[in-house]
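Sequence positions, counted from 1, serve as the residue numbers for this chain.
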Amino acid sequence: MELVAVADGGPATAAEATPTPTPTGVVRVEKVRGRSAVTRCFAKYPLKIIVPSKVGPASSGAVWLYVLTYGGGIVSGDKISCAVTVGDGCTAAMTTQASTKVYKAVGSKCSEQVLEATVGKDALLAVIPDPVTCFSTARYYQKQVFHVSGDSNLVIVDWFTSGRYESGEKWDFNSYKSVNHILLEEYQPLFIDSVLLEQGSDCTIAERMQEYNVVAMVVLLGPKLKHIQDQMQDEVKNMMSVQLHPPTSGGGRYAARPQALHPQSPPLVASCSPFSRMGTGMVARIVAVSTESVYTFLRHHLAALEPFLGVTPYSSS
């Protein structure tokens, strides 16, 4: 597995940040009579975008976008691209109705998804999908590029599972790659991240991942989300201190307990790191044995988004 993360790098070129020139989906969110509203929504096969009239209380003022594919998954060779613009002062959430299934590859064909989003001043975009689940032999590539200003607010949840592991299909896909770029004005990189898993001749993905079945990343950026960042960092630090540090020896409350010769790995491991020169961004990385444990983690730590979005993310999952 390859993990690459770079923050505050040199300038990127427009070519590196520009997706497919003819997107299969286009959404624009703007202020209409003082409220966030979808002023343009276009999608063509295999993409489908649903904009419900109401999610949560009307007082939240958030627009929700459900991004779907016909047939319930991405077929080998599909190339999906979506361009989203969230205007100044607007709030929008992008999600899915279930996990994104990536079906078996036909030959060397790769399934691709590209998202390019622009988040205006004092705006909030939350990209909070269910996980990607790659079937046996699948090949999948996704890239997400976010253009932000100094006071934009952004939530990214990017996660995937080992496959249909409850049916015994575990880390059996051929390749998975996910790239996330957050760019300031003039394509100045703020956050660059890449995750790559592919089968190797010497060691399979399953051998490297051992008992873990889920990998997730959460990015929080912007002044509106600072309190959520601080709370998540504190709670994750405390949680991992308990899980990874053995009790001290001696008597009393923290007396050492007998340790197993081969202790089990924690069912969920998480870490948090700030990024950006101004400290306005934070990235959390999670690996877990079960999908449900990550859903629980996300529901708890993103619950503070409810005042912005109208409902707690993943509350129905």
Provide the full list of salt bridge (charged side-chain N to carboxylate O under 4.0 Å, His left out) pairs with a residue in [range], sequence neighbours left out, each pair given once.
range	answer
residues 295-311	E292-R299
residues 213-233	D122-K224, K226-D230
residues 152-165	R164-E169
residues 90-108	none

What pairs with [X] under ring pair (Phe, Tyr, Trp, His ring centres under 6.0 Å), at least two apart in sequence or on another chain?
X	result
Y141	none
F308	none
Y176	Y140, F160
W64	none

Inset, instruction - Name all residues meeting the side chain to side chain contact (heavy atoms under 4.5 Å, CB included) criterion together with V269; count only those two or more places apart in sequence or in a different chain, and write none if there are none. - result: Y212, M240, P266, V287
Inset, instruction - Kindly write out the residues that satisfy side chain to side chain contact (heavy atoms under 4.5 Å, CB included) with R40, not counting sequence neighbours, or none if the list is empty. - result: V26, R28
Inset, instruction - Could you identify which residues cluster with Y165, counting Ile, Leu, Val, Met, Phe, Trp and Tyr as linked when any side-chain heavy atoms lie under 4.5 Å apart, either directly or through a chain of such contacts? - result: none
Legend entry - Residues clustering with Y45 (ILVMFWY side chains joined when closer than 4.5 Å, directly or via others): Y70
